[in-house]
Amino acid sequence: MNKNDNSSNPNSTIEEKRKRIRHSTAHVMADVVTQMFPEAKLAIGPPTNDGFYYDFLIPKPFTNEDLEKIEKKMAKVINSNFSFEYHEYTKKEIIEQNKDEPLKLEIIDGIPENETISTYSHGNFEDLCAGPHVESTKEIIAFKLLNVAGAYWKGDESRPMLQRIYGTAFESQDALDTHLSNLEEAKKRDHRKLGKELDLFSIDDQVGSGLIIWHPNGAIIRTLIEDMWKKEHYLSNYNLIFTPHVGKANLWETSGHLEFFKENMFSAIEMDNVDYYLKPMNCPFHIKYYQSDIRSYRDLPLRTSEIGTVYRYERAGVLHGLLRVRGLTQDDAHIFCRPDQVEEEINGVLDLTLKIMHTFGFNDFSIKISTKPTKAVGEDEKWELATNSLKNTLEKRNIEYEIDEGGGAFYGPKIDIHIKDAIGRFWQCTTVQFDFNLPHRFGLTYIDDNGKENQPFMIHRTLLGSLERFFGILIEHYAGAFPTWLAPIQAMIIPITDKHYEYCKEISEKLSANNIRVKYDTRNERMNYKIRDAQNKKIPYMIIVGDKEIDTKSGSLRKRTGENIGVLSIDDIQNMILEDSLQNNNS
RNA sequence: GCUCCAGUGGCGCAAUGGCAGCGCAGCCGAUUUGUAAUCGGCAGGUUAUAGGUUCGAAUCCUAUCUGGAGCUCCA
């Protein structure tokens, strides 16, 4: 019996084929590793989205040299054209077969009694496995081992640390090469690298890990994002507020953060025998604003928003550049509304999200609704109303979404929006989250049209997520070449010789006066050097000026793409840059 | 937090037990240049921190800190 035959299956996609190839490559790797390191015990070796891994229990971790040796030996095995054979066993037989593989025995133990237990073998190597595989090792055309890392057995930190080898495999050398060059491309776009090169931000040991220093170039971009964000929020009838960075323990007790979120909070600051905590979230402050007055049904919806910096203690190993930090600035808002307003509010949030995301050049989204988990607070009708509003809003707009059944937080359903970047990666930014817990804990009310007290719906929402993280995503999305409206410097004026400095200054002043971010380069270097430098700094426009331009009151315009537009009047240059600086222009 | 790897001028790197060096950036000077790097000079380091081994440590050992690849986590 052979379960590998998929030749007659028209639904067999390239993804499925790759899965088989990768899964099979993982087997070949395990084969070689057990030959080279007889003491290694096998864990699991599945295919992943873009490769595979195999986990081994082994006293000494693998080195890079080991990896090279393993890779060479794998090539030999693959060239032997072993076929993958399917076998079935009784539980008793398989236990006997794996008596020296403690981790395999644990997996076998978890297989239900009545289920078929299968293995696949190639050459002398046989591994507990449900398949499927390729028919023969010769179908593994191109593979590469990538790196080694520790991984907990069954992802449980209390279990032993295994050694995981990552690799990838493809049906052709070309496909593998493309994949490897995509990895290179992602490395080139790494926001940590570009952050240094373009002088956007830094993280300093002495300040602390996960705490961002925004340099002038980064700060210009942040300011532009914030200004645009504020403008759009005022247009959408949000109230912008400011709230403190610390609050007394009592507040966090009422909100439940000290009960449920304490391990992510910075320790207490004690003053005058009272504990204060740095805020890990803005919501309690927004609630306090809500409660600063009696609210009537006529006041609702009440939308409070704030670009608020919060502090969360993240474990050292999870910090990552701008993408995972300890001090993050949320573009936060809270909507307090009546049940009959819920759907319209969700709709409004969606409008605003899409508008803002389009402005940043994100046009592909993946949307997920998470519904009620088994352990939850709040009445069923509220969950139902909220969840249906989320679904209805998307359906009325013909937006596709997935449902994560039971994936919501205990306090309410939510919708997450993932944006697709220029190289096809998805990032989660926007979340819109109902909260049935805080209104209850704080006893939020509004007076309805019968003069009776009612509890409002409360919705947390953040569009960009955190400014730090979003900035990191933007850097990688644009590979540092920000669109003109976001570019820290929009134009660099480059004189041909030092005779032209005066004219540079003149046009610089004119363009600045018209809100163009412009600089001119008076270093003692040649024009070509300055062009190269401006281009490396990804400045959208270069204006080169010499005798000819002075005579005709013009400039020679060049783009960072290398395109030479030619000599234009200063007015034309100015208009061109201003036109290109419009926020909805993402070219 | 865990496993492994790494930390050398602002940045990128070299020196593997025996004189801390190179390139870029910076500064000074020469050059006055027409669309991606002109030439010469100068300056810049307690080799992450603390301790140890050694006649001698960037290099070996221990601890701490920081970063990286992952794991776990991201009510």
Side-chain angles (χ1 to χ4, degrees), chain A residues 53 55 57-64 66 146-166 187 190 192-193 195-199 202-210 255-265 280-281 312-321 323-326 328 373 375-377 408-412 414 428 431 433 435 437 465-466 469 494-501 523-537 542-549 555-567:
Chain A
Y53 64 83
D55 287 346
L57 181 62
I58 187 168
K60 207 172 139 281
F62 300 106
T63 62
N64 286 332
D66 291 337
L146 298 170
N147 55 319
V148 197
Y152 297 109
W153 171 230
K154 296 199 164 171
D156 181 343
E157 33 180 343
S158 66
R159 305 298 301 268
M161 178 69 76
L162 309 174
Q163 293 302 318
R164 174 173 295 180
I165 302 179
Y166 282 92
K187 253 191 212 165
D190 191 311
R192 294 165 298 183
K193 181 170 174 280
K196 239 174 226 168
E197 285 172 9
L198 303 176
D199 198 12
S202 62
I203 301 168
D204 185 276
D205 287 2
Q206 229 179 345
V207 175
S209 337
S255 69
H257 285 92
L258 283 178
E259 195 178 334
F260 298 109
F261 203 70
K262 194 167 185 189
E263 62 281 17
N264 280 294
M265 290 170 71
M281 293 186 193
R312 297 181 184 175
Y313 175 77
E314 301 281 2
R315 296 163 96 187
V318 308
L319 299 173
H320 184 87
L323 301 180
R324 191 82 180 266
V325 294
R326 286 183 175 155
L328 55 136
K375 268 183 83 180
V377 300
F410 75 89
Y411 52 81
K414 65 171 175 176
Q428 192 199 314
T431 78
Q433 173 109 49
D435 194 325
N437 186 41
S466 98
R469 184 178 145 82
I494 297 171
I496 288 173
T497 79
D498 52 11
K499 286 186 302 190
H500 310 122
Y501 287 178
R523 288 175 300 179
N524 185 10
E525 293 289 351
R526 294 168 52 175
M527 174 201 65
N528 276 342
Y529 176 93
K530 295 178 183 179
I531 289 175
R532 181 183 151 81
D533 189 55
Q535 203 134 319
N536 285 337
K537 286 181 178 150
M542 280 149 263
I543 303 166
I544 295 142
V545 296
D547 291 338
K548 277 192 287 182
E549 286 75 17
S556 174
L557 194 62
R558 181 193 163 99
K559 285 190 167 189
R560 64 181 163 200
T561 54
E563 186 189 349
N564 187 351
I565 295 175
V567 178

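Below, chain A is the first sequence line, B the second, and so on; all start at residue 1.
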Tell me what [X] touches on the nucleic acid: a base, only sugar-phosphate, or nothing, going by heavy atoms under 4.0 Å.
{"X": "A:Gly546", "value": "base"}
{"X": "A:Lys530", "value": "nothing"}
{"X": "A:Arg192", "value": "sugar-phosphate"}
{"X": "A:Glu525", "value": "base"}
{"X": "A:Arg469", "value": "nothing"}

Among the nucleotides [options], which one has an atom lying closest to any side-chain atom of [X]?
{"X": "A:Val318", "options": "B:rU72, B:rA36, B:rA75", "answer": "B:rU72"}
{"X": "A:His320", "options": "B:rA69, B:rU38, B:rC73", "answer": "B:rA69"}
{"X": "A:Asp205", "options": "B:rU66, B:rU3, B:rC2", "answer": "B:rU66"}
{"X": "A:Met161", "options": "B:rA75, B:rU38, B:rG70", "answer": "B:rG70"}
{"X": "A:Asn528", "options": "B:rU72, B:rA36, B:rU33", "answer": "B:rA36"}
{"X": "A:Asp547", "options": "B:rA69, B:rG34, B:rG12", "answer": "B:rG34"}

[N] OP1/OP2 closer than 4.0 Å to side-chain N/O of [X]:
{"X": "A:Lys154", "N": "B:rC71", "value": "no"}
{"X": "A:Ser209", "N": "B:rU66", "value": "yes"}
{"X": "A:Tyr529", "N": "B:rU31", "value": "no"}
{"X": "A:Arg523", "N": "B:rA25", "value": "no"}
{"X": "A:His500", "N": "B:rU33", "value": "no"}
{"X": "A:Arg532", "N": "B:rU38", "value": "no"}

Side chains of A:Ile544 and A:Met527: closer than 4.5 Å at any heavy-atom pair?
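They are in contact (side-chain heavy atoms under 4.5 Å apart), so the answer is yes.
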A:Arg164 and A:Asn147, any side-chain heavy atoms less than 4.5 Å apart
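No, every pair of side-chain atoms sits at 4.5 Å or beyond.
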Does [N] have a Watson-Crick or wobble partner in any strand here, with both distances under 3.5 angstrom, and which is it?
{"N": "B:rU54", "result": "none"}
{"N": "B:rC39", "result": "B:rG29"}
{"N": "B:rC11", "result": "B:rG23"}
{"N": "B:rU46", "result": "none"}
{"N": "B:rU3", "result": "B:rA69"}

No-H, no-angle donor-acceptor pair, [X] side chain to [N] base, under 3.5 Å:
{"X": "A:Tyr152", "N": "B:rG1", "answer": "yes"}
{"X": "A:Arg159", "N": "B:rC71", "answer": "no"}
{"X": "A:Asn524", "N": "B:rU31", "answer": "yes"}
{"X": "A:Glu549", "N": "B:rG34", "answer": "yes"}
{"X": "A:Tyr411", "N": "B:rA75", "answer": "yes"}
{"X": "A:Arg526", "N": "B:rU31", "answer": "no"}

For A:Leu162 and B:rU3, what is the distance between atoms CG and P respectively, to the nearest whole Å?
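Between P of B:rU3 and CG of A:Leu162: 13 Å.
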Would A:Lys499 and A:Asp547 pass as an ion pair if we require N to O under 4.0 Å?
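Yes, A:Lys499 and A:Asp547 are salt-bridged.
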A:Asp156 bridged to A:Lys154 by N-O distance under 4.0 Å
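No, no charged N to carboxylate O under 4.0 Å.
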Holding to ring pair (Phe, Tyr, Trp, His ring centres under 6.0 Å), I want the full list of residues that pass it with A:Tyr529, two or more places apart in sequence or in another chain.
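For A:Tyr529 there are no ring pair (Phe, Tyr, Trp, His ring centres under 6.0 Å) partners, ignoring immediate neighbours.
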